[in-house]
Amino acid sequence: MKILSDGRLKHIAIIMDGNGRWAKKRGLPREIGHRYGADAFRKTVEYCSKIGLRALTVYAFSTENWKRPEKEVKSILALLRQYVDECEKNIEKYPAYFHFIGDLAVFDDELRARIEKIEERTKDRPLVLNIAFNYGGRSEITQAFSQLMASGKREITEEDVAGALYTSQCGDPDLIIRTGGDMRISNFLLWQAAYAELYFTDVLWPDFNEDELDRAIENFYSRKRRFGGV
Ligand code: IPE
Ligand code: IPE
Ligand code: MG
């Protein structure tokens, strides 16, 4: 366990991939893979809070994931509701600022109101947890531009764009981890990934744990970030 106190690694983003394959390997339905994936996510949040990370952004459901069978989508939505219930119950002890990023218009009013209330009540926690749900990088950039156009701005700077993104409060990730073996971004944090260090692992998301995160962090610390310099 490495306490992240030197300021080099403040924000980690994770593409939590491989739940379906994890289940398939065990002859189980994909829905079970998502359930174990949700547990890996819970443990990851706890651990990130312990090591003093400032922001964790997790890709939970993409704008493209609606293409999946209805049964699977429903099971993911049920897990989300379960997680929201849990956060409400443990709100005093919940270790992070619970913050959703993505288009929440798909949720019913009741669920949205509950989420907003948890967000409001956890705002001051030291770790920002961005849960990317119904999230797509292109859609995020498009809504940012719509917002800037509506504000009547004639000239747009990079700061304006960054400020209109869902991540305006916590900035860009230093490290993006993708589990599940595929080496692609899948429409995640397209703008914010500009200078992120990328780390890919074959580990399937439900098997991801503290040791795997330590490995990714150690790997991050072995790299030299140049940001275009020498
Ligand atoms: C990631 O696991 C979870 C979501 C995309 C919701 P997958 O369900 O994509 O798992 P694989 O990639 O099919 O194994
Ligand atoms: C990316 O995984 C989205 C999430 C982890 C939520 P996918 O499984 O949807 O990505 P592709 O389809 O392999 O690119
Ligand atoms: Mg996948």
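The shown structure was predicted, so the numbers you read here are calculated from the model rather than taken from an experiment. In listed order, ligands and their atoms are each counted from 1. Worth knowing before you read on, the calculation uses all heavy atoms, side chains too, and leaves out hydrogens, waters and symmetry mates. In this chain, residues are counted from 1 in sequence order.
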* Flag Asp182 as yes when one of its N or O atoms lies below 3.5 Å from any N or O atom of ligand 2, and as no otherwise. => no

* Hydrophobic cluster identity match, Phe220 and Ile12, side-chain contacts under 4.5 Å -> yes

* Considering only heavy atoms of Arg184, which atoms of ligand 2 have at least one such atom less than 4.0 Å away? -> 11 (P), 13 (O), 14 (O)

* To do: Using the rule that two of Ile, Leu, Val, Met, Phe, Trp, Tyr join whenever any of their side-chain heavy atoms come within less than 4.5 Å, decide whether Leu189 and Phe145 are in one cluster.
  => yes

* Please determine if Arg30 has a nitrogen or oxygen closer than 3.5 Å to a nitrogen or oxygen of ligand 1. => yes

* Hey, does Lys67 sit under 4.0 Å from ligand 2 if you only count heavy atoms? -> no

* Starting from atom 1 (C) of ligand 1, find the nearest protein heavy-atom neighbour and note its residue, name and distance. => Met16 O, 3.0 Å

* Among Glu88, Glu116, Glu92, salt bridge (charged side-chain N to carboxylate O under 4.0 Å, His left out) partner for Arg121 -> Glu92

* Counting from 1, what ligand 1 atoms have a heavy atom of Ala60 closer than 4.0 Å? -> 6 (C)

* For Asp17, what is the atom name of its N, O or S atom nearest to the Mg ion (ligand 3)? -> OD1

* Asked: With a 3.5 Å cut-off and no angle check, do the side chains of Asp103 and Tyr166 form a donor-acceptor pair?
  -> no

* Does the side-chain hydrogen bond (donor to acceptor under 3.5 Å, both in side chains) test come out yes or no for Asn19 and His34, once each step is laid out? -> CA-CA 5 Å; Asn19 294 348; His34 294 310; 3.0 Å; yes

* To do: Just let me know how Phe61 lines up against ligand 2, side chain, backbone, both or neither, with a heavy-atom cut-off below 4.0 Å.
  => backbone

* Asked: So is Ser62 polar-close to ligand 2, meaning N/O to N/O under 3.5 Å?
  -> no

* To do: Please say whether the positively charged group of Arg26, taken as NZ for Lys or CZ for Arg, lies over the ring of Trp22, i.e. under 6.0 angstrom from the six-membered ring centre and within 45 degrees of the axis.
  => yes

* Would you mind running through ligand 1 and noting each atom that sits below 4.0 Å from a heavy atom of His34? => 3 (C), 8 (O)

* Quick one: which of Phe107, Tyr83, Phe98 gives a ring-ring contact (aromatic ring centres under 6.0 Å, His included) with Phe133? -> Phe107

* Quick one: which of Arg223, Arg178, Arg8, Arg226 gives a salt bridge (charged side-chain N to carboxylate O under 4.0 Å, His left out) with Glu197? -> Arg223

* To do: Specify the protein heavy atom at minimum distance from atom 8 (O) of ligand 1: its residue, its atom name, and the distance to 0.1 Å.
  => Arg68 NH1, 2.7 Å

* To do: Give a yes or no on whether atom 12 (O) of ligand 2 lies under 4.0 Å from any heavy atom of the protein.
  => no

* Structure fact -> For atom 10 (O) of ligand 1, the closest protein heavy atom turns out to be Gly20 N, 2.9 Å

* Asked: Can Asp160 and Thr157 be said to form a side-chain hydrogen bond (donor to acceptor under 3.5 Å, both in side chains), step by step?
  -> CA-CA 5 Å; Asp160 292 330; Thr157 63; 3.1 Å; yes

* Structure fact -> Quick note on ligand 1: atoms under 4.0 Å from a heavy atom of Ile76 include exactly 6 (C)

* Just which atoms of ligand 2 are under 4.0 Å from any heavy atom in Arg178? -> 2 (O), 10 (O), 11 (P), 13 (O), 14 (O)

* To do: Nearest 0.5 Å please: distance from the CG atom of Asn130 over to the SG atom of Cys170.
  => 4.5 Å

* Please test Glu119 against Tyr97 for side-chain hydrogen bond (donor to acceptor under 3.5 Å, both in side chains), starting from the C-alpha separation and ending with a verdict. => CA-CA 6 Å; Glu119 289 183 335; Tyr97 166 30; 5.5 Å; no

* For atom 14 (O) of ligand 2, what's the nearest protein heavy atom and its distance? -> Ser186 OG, 2.6 Å

* Asked: So which heavy atom in the protein is nearest atom 9 (O) of ligand 2, and how far is it from that ligand atom?
  -> Asn65 ND2, 2.9 Å

* Ion pair check, Glu31 and Arg35, cut-off under 4.0 Å -> no

* Does some non-hydrogen atom of Gly180 fall short of 4.0 Å from ligand 1? -> no

* What atoms of ligand 1 come closer than 4.0 angstrom to any heavy atom of Arg21? -> 11 (P), 12 (O), 14 (O)

